Structures are given as C-alpha cells and as structure tokens.
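Everything on this sheet refers to the single structure shown next.
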Amino acid sequence: MEKRTRIDQVLATKPIGEIITVKGWVRSFRNNQFIAVNDGSDFDSLQIVINRESLSSDTLKKIHPGAAVGAKGTLTESQGRGQAVELKADELIVYGEADPETYPIQPKKHTKEFLRENAHLRFRTNTFGAIFRIRHELSYAIHKFFHERKFYYLHSPIITASDAEGAGEMFRVTTLDPNNPPLTTDGQVDLKKDFFGRETNLTVSGQLEAELAALALGQVYTFGPTFRAENSHTSRHLAEFWMVEPEVAFNDINDNMDLAEDMLKYLINYVLEHCRKDLQFLHNAAEKEDSQKPKNQRPDMGLIDRLEFCLEQDFARITYTEAIDILMNSKPNKKKKFNYVIEGWGADLQSEHERYLVEKHFKKPVILYNYPKDIKSFYMKVNDDNKTVRAMDILFPGIGEIIGGSEREENLDVLKSRMKEMNIPMEELYWYLDIRKYGSCPHSGYGLGFERMVQFVTGMSNIRDVIPFPRTPGNASF
RNA sequence: GCCUCAAUAGCUCAGUUGGUUAGAGCGGCGGACUGUUAAUCCGUAGGUCCAAGGUUCAAGUCCUUGUUGAGGCGCCA
C-alpha cells in the first residue's frame with residue numbers, strides 16, 4: 001500500500017476529492033460500514049466508509065477495535081453529522097488483528113487502575129493519547145523556553161558516586177555478584193573491585209553538577225531522569241521521575257522566583273495554545289467525572305479555566321514567617337482541625353498547611369521563601385538574620401510542591417560550617433567546594449518535578465497516569 | 001515505613017441478619033442492518049467469589065495471616 005498521510009494533516013487540510021491512504025488502529029466499527037481509525041497524530045479519528053461488496057467476508061471479520069488497518073480511497077465531505085470529512089475506501093488492508101475475545105481495550109469505560117495494569121495498551125485510549133501528546137509538547141516547551149533565553153542544556157550524569165547530597169534514599173549501582181561478592185580481608189564487601197572502584201548510585205539530583213557548569217556557562221538547565229528509593233505511597237511520588245533543574249550564575253532568590261514563575265506561565269500558555277483538542281477532551285472528561293461527586297468535593301473551575309486563571313494571576317509570594325502568621329490565625333489552626341497544629345515559628349509545614357495556603361487562603365499558586373535553616377538543605381544561602389535560608393517552594397493547587405529551589409551558599413566558610421553542622425562529608429564534595437574557592441559568585445536554581453507539571457496541566461490526580469511506565473515501590477512492570 | 005478502605009464474569013459493580021442453583025450493565029460470541037457516532041435490535045455463553053488457614057450444621061458474607069490495588073500521612077519534585 002502507498003505511503004500514508006497522517007490523519008492530523010487530512011483533518012487540517014481536508015483535500016476533498018483527492019485519493020489518499022491512511023493507516024492506523026480501529027477505534028470502533030459501526031453499522032458494518034463505518035470504521036473510526038486513529039493514528040495517534042490527532043485526538044480525532046478519521047471515519048473510513050467501506051464498500052462491503054468489494055471486501056471479502058474474511059477481511060470484514062478482522063475489523064475489530066484495536067486492529068491495525070490501512071485504507072486507500074477518496075476523501076469526501078461527510079454525509080453524516082459527526083465529522084466534516086470521511087474517506088470512501090476502495091482498498092482496505094488489515095495489518096494486524098486484535099482478537100476481541102482477549103483484547104483488553106474494548107469500546108467502553110475503563111478505570112485508570114485497570115489501564116495502569118495494561119500500560120502497554122493504554123496509549124490507544126482517548127485519555128492516554130491526549131496525556132502523552134501533551135507530555136511531549138510540554139517537554140518541547142521546556143527546551144524552547146530555555147533555549148530562547150540562552151540557557152544551555154546540560155546532561156548531568158545518571159550514575160553518581162556522591163551519596164552525600166541528603167536528597168533521599170538512593171538506588172545502588174553495582175556489577176558485583178550479590179550472592180558471591182568479593183570480600184576484603186576483614187569480611188566486608190570490597191567495593192574497590194566493583195565496576196567503578198567505589199560505591200555508586202543512580203542520581204537523585206543534577207543540581208550540584210549544574211552549579212559547576214553554571215559558574216562558567218552562565219545559565220544551564222538539566223532535564224533528565226531522577227531516582228529516589230523512598231518507600232513513598234502517594235499519588236504524587238515516583239521512584240523514577242523526570243526533573244528540570246535550571247541553575248543561573250549571578251541570580252539571587254528574587255531572580256530565581258521570577259524565572260520560575262515566568263517558566264511555569266510559559267509552559268501553561270504553550271500547552272493552551274498547542275494542545276487545544278487534547279485539553280478540551282480532558283476538560284470535558286473531568287467535568288463529567290466531577291459532576292458525579294458531592295458538591296463540596298467539586299473543583300471551583302474546570303481544567304482549562306484553571307490553567308487560564310494561573311496565567312492571569314501573579315503568584316502570591318510570602319515568607320515562611322508570614323505563612324506561619326497566616327496559619328496561626330487561621331480557623332482550622334485555632335479550632336485544632338489540623339492534624340498538626342502550628343505552635344509557632346520553626347515548625348515544618350505539613351501538606352495540610354500548604355494546601356490551606358494555596359486552596360483556601362490565597363486560592364492561587366503560592367511561592368514560599370526564607371525558611372528556617374534547620375529544616376532545609378546545607379547548600380542554601382544563609383540570610384543575614386542567621387536564622388533563615390533563601391529557599392523557595394512553589395505550591396500549586398491539587399499538586400502541592402511543584403518546584404523547590406534556592407539561592408545557593410556561595411561563601412566557602414559559611415558553606416563549610418553548614419556542612420559540618422549537618423554531617424555532610426566535605427572530602428567527597430571537594431569539587432563542589434572548589435567552585436566557592438575559585439571565582440565564587442551568587443547563583444540560584446530550582447528543580448521542577450516534570451510529572452507534577454504534566455499532572456497539573458492534564459488534571460490527572462495520580463502521577464502514575466502521566467508517565468508511560470511508572471516505577472513505584474514493588475512495581476517495575478513493562 | 002504508618003493509618004484507612006477495597007478485592008465477586010473480560011470490565012464496572014450489586015449481592016440483605018451467614019441459609020437452596022451467584023445477579024445486572026457494558027464488553028464478547030451468533031444473527032439482522034448501506035448514514036452510523038463508544039450505533040441499534042434479537043439471541044446466547046461466560047464464575048477457583050484474591051490466596052491460605054480458621055469459626056460454623058452451613059461462609060461470597062464472620063475471624064486470622066498473606067498478596068495486590070486505592071486513598072491519606074511522612075520523605076520530596
């Protein structure tokens with residue numbers, strides 16, 4: 001059969017009267033006559049109208065949802081109502097059958113949980129087609145945003161030797177035989193005999209490496225997989241996820257917040273402009289689902305309205321201290337409705353507090369900054385008050401923390417004493433300290449959880465539904 | 001890691017105080033149908049009630065343990 005024309009092109013250009021060939025997968029077969037074929041290039045399918053007499057009954061029997069087909073014929077204006085054009089097929093080939101007795105994706109409503117167990121096939125549904133097209137556009141938009149601003153894409157290593165970052169539990173990387181590892185004379189596993197001659201792990205963050213590059217290239221960003229061996233069971237955690245980490249020399253905490261807010265708005269706007277059909281479907285599907293819920297659990301806004309609202313609003317920017325004041329004076333705190341009642345300054349904010357600030361008090365994205373130094377990482381710049389550090393977290397409705405970042409401590413002595421306080425081994429991170437020794441300067445950066453961004457933009461409540469093959473504790477299928 | 005809930009047909013679920021042969025919708029299969037929109041109509045098949053143990057005359061239903069899933073918390077992005 002001839003080369004195919006993509007269905008998105010057919011629908012966009014509508015070359016009526018021309019003979020074209022399309023190839024894709026059957027979504028439905030109606031009235032023994034109409035085949036909805038989707039090739040993934042567009043949310044919409046193309047209706048193929050077959051001539052039953054010209055097809056063998058053998059071929060007809062093979063047309064079922066999920067089958068791969070090719071059709072050649074004349075594009076015509078549709079006589080029916082649901083579509084502008086359709087393809088009158090003269091030839092139809094079934095490339096691959098899909099036995100309806102066993103094919104799990106039938107034209108009916110399936111739950112997200114069921115489709116998650118069939119993650120290899122869920123791309124063929126409307127919902128996941130839309131999600132993964134949007135995921136692509138979003139990752140493209142990230143590169144576009146940074147490229148337009150003269151950032152360099154830095155490929156930070158996946159395998160790292162430092163286990164000193166304190167960013168979470170790590171996955172060990174080894175080629176040693178677990179049943180029979182080489183031992184030292186005192187009976188310990190001899191890591192000198194391991195592949196790299198030392199203990200290695202999968203990266204938990206590209207930040208430290210990004211800092212090295214930023215202090216020469218000026219502004220860089222990483223965008224790659226990140227691994228955390230935390231035993232997290234929530235709808236917003238994965239063991240393998242993708243993170244975007246810009247790092248900019250000479251930026252202070254305020255520049256950092258500006259960059260993050262600009263980026264988030266750019267991404268939201270990009271998706272609104274480029275993924276309209278997919279977004280509209282997800283918007284409608286969510287609306288339908290929400291209408292089943294009790295009134296107090298329904299969101300105030302639909303998906304698209306929520307995204308547009310985010311674009312129009314300046315994000316609220318408040319210090320940790322101001323946040324504590326708001327929370328101390330809040331109804332749920334006074335009435336002890338919080339599981340963790342805020343007693344005073346210094347308390348770590350729980351997700352219920354973050355959710356109150358974002359969803360009840362401000363009702364828009366919130367940037368919290370200047371946290372107590374005791375609850376934050378060693379590399380964050382200590383303020384003059386010597387009590388707080390220039391950390392910032394961006395909180396989104398429904399998602400929680402979507403970005404975490406800071407201005408970095410560029411003063412060698414202060415950094416060293418912070419590392420000492422927090423038991424971070426300095427010898428191992430000599431290269432990180434060298435940056436403060438030679439040509440140190442103020443610099444800032446943050447990490448964006450890419451899947452959390454996809455979650456926000458698609459309105460998916462579970463992070464496992466916005467990554468093709470989710471890795472979570474006890475699950476690495478596919 | 002902690003807490004809560006769930007598991008019944010391919011899917012989504014119902015199944016009363018423990019009581020005869022386990023129910024529906026969708027999907028499947030067979031048939032009808034040349035303007036359908038997850039088509040419709042008629043007919044039909046389909047079950048190790050998550051697993052193991054226990055209580056009982058009797059367990060889908062009660063108890064214990066385990067497995068898997070969902071939600072919440074912590075860790076964070």
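Please read all numbers here as calculations on a predicted model, not as lab measurements. Convention: sequence-line order gives letters A, B, ...; per-chain numbering from 1.
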Using a 3.5 Å limit on both pairing distances, list the dot-bracket string of RNA chain B from the 5' end; Watson-Crick and G-U wobble pairs count, crossing pairs take [ ], interstrand pairs take |. (((((((..((((.....[...)))).(((((.......))))).....(((((..]....))))))))))))....
If you look at every strand shown and take non-hydrogen atoms under 4.0 Å, does [X] touch a base, only sugar-phosphate, or nothing?
{"X": "A:G80", "result": "base"}
{"X": "A:N475", "result": "sugar-phosphate"}
{"X": "A:I399", "result": "nothing"}

Would you mind reading off the distance between [X] atom [atom1] and [N] atom [atom2], rounded to a whole angstrom?
{"X": "A:N462", "N": "B:A77", "atom1": "CG", "atom2": "P", "answer": "19 Å"}
{"X": "A:Q33", "N": "B:U36", "atom1": "CD", "atom2": "C1'", "answer": "7 Å"}
{"X": "A:R81", "N": "B:U37", "atom1": "CZ", "atom2": "C1'", "answer": "12 Å"}
{"X": "A:E113", "N": "B:A7", "atom1": "CD", "atom2": "P", "answer": "14 Å"}
{"X": "A:H64", "N": "B:C29", "atom1": "NE2", "atom2": "C1'", "answer": "9 Å"}
{"X": "A:F34", "N": "B:U36", "atom1": "CZ", "atom2": "P", "answer": "7 Å"}
{"X": "A:D393", "N": "B:A77", "atom1": "CG", "atom2": "P", "answer": "7 Å"}

Side chains of A:R317 and A:N254, donor plus acceptor under 3.5 Å: no
A:Q47 has its side chain closest, among B:A38, B:U37, B:C33, to B:U37
Between B:C5 and B:U64, how far apart are the two P atoms, rounded to whole Å? 12 Å
Cationic tip of A:K331 above A:Y356 ring, under 6.0 Å, 45° of axis: no
A:Y221: which of A:Y446, A:F450, A:F146 passes ring pair (Phe, Tyr, Trp, His ring centres under 6.0 Å): A:F146
Pair of N/O donor and acceptor under 3.5 Å linking B:C75 base with A:H237 side chain: yes
Evaluate the ring pair (Phe, Tyr, Trp, His ring centres under 6.0 Å) criterion for residues A:F469 and A:F123: first the C-alpha distance (whole Å), next the side-chain angles of each, then the deciding distance (0.1 Å), finally the verdict. CA-CA 11 Å; A:F469 302 106; A:F123 301 104; 5.7 Å; yes
Stacked pair A:F241-B:A77, distance under 5.5 Å, angle under 30°: yes
Return whichever of A:N231 or A:Q106 has its heavy-atom-nearest nucleotide of RNA chain B closer to the 5' end. A:N231
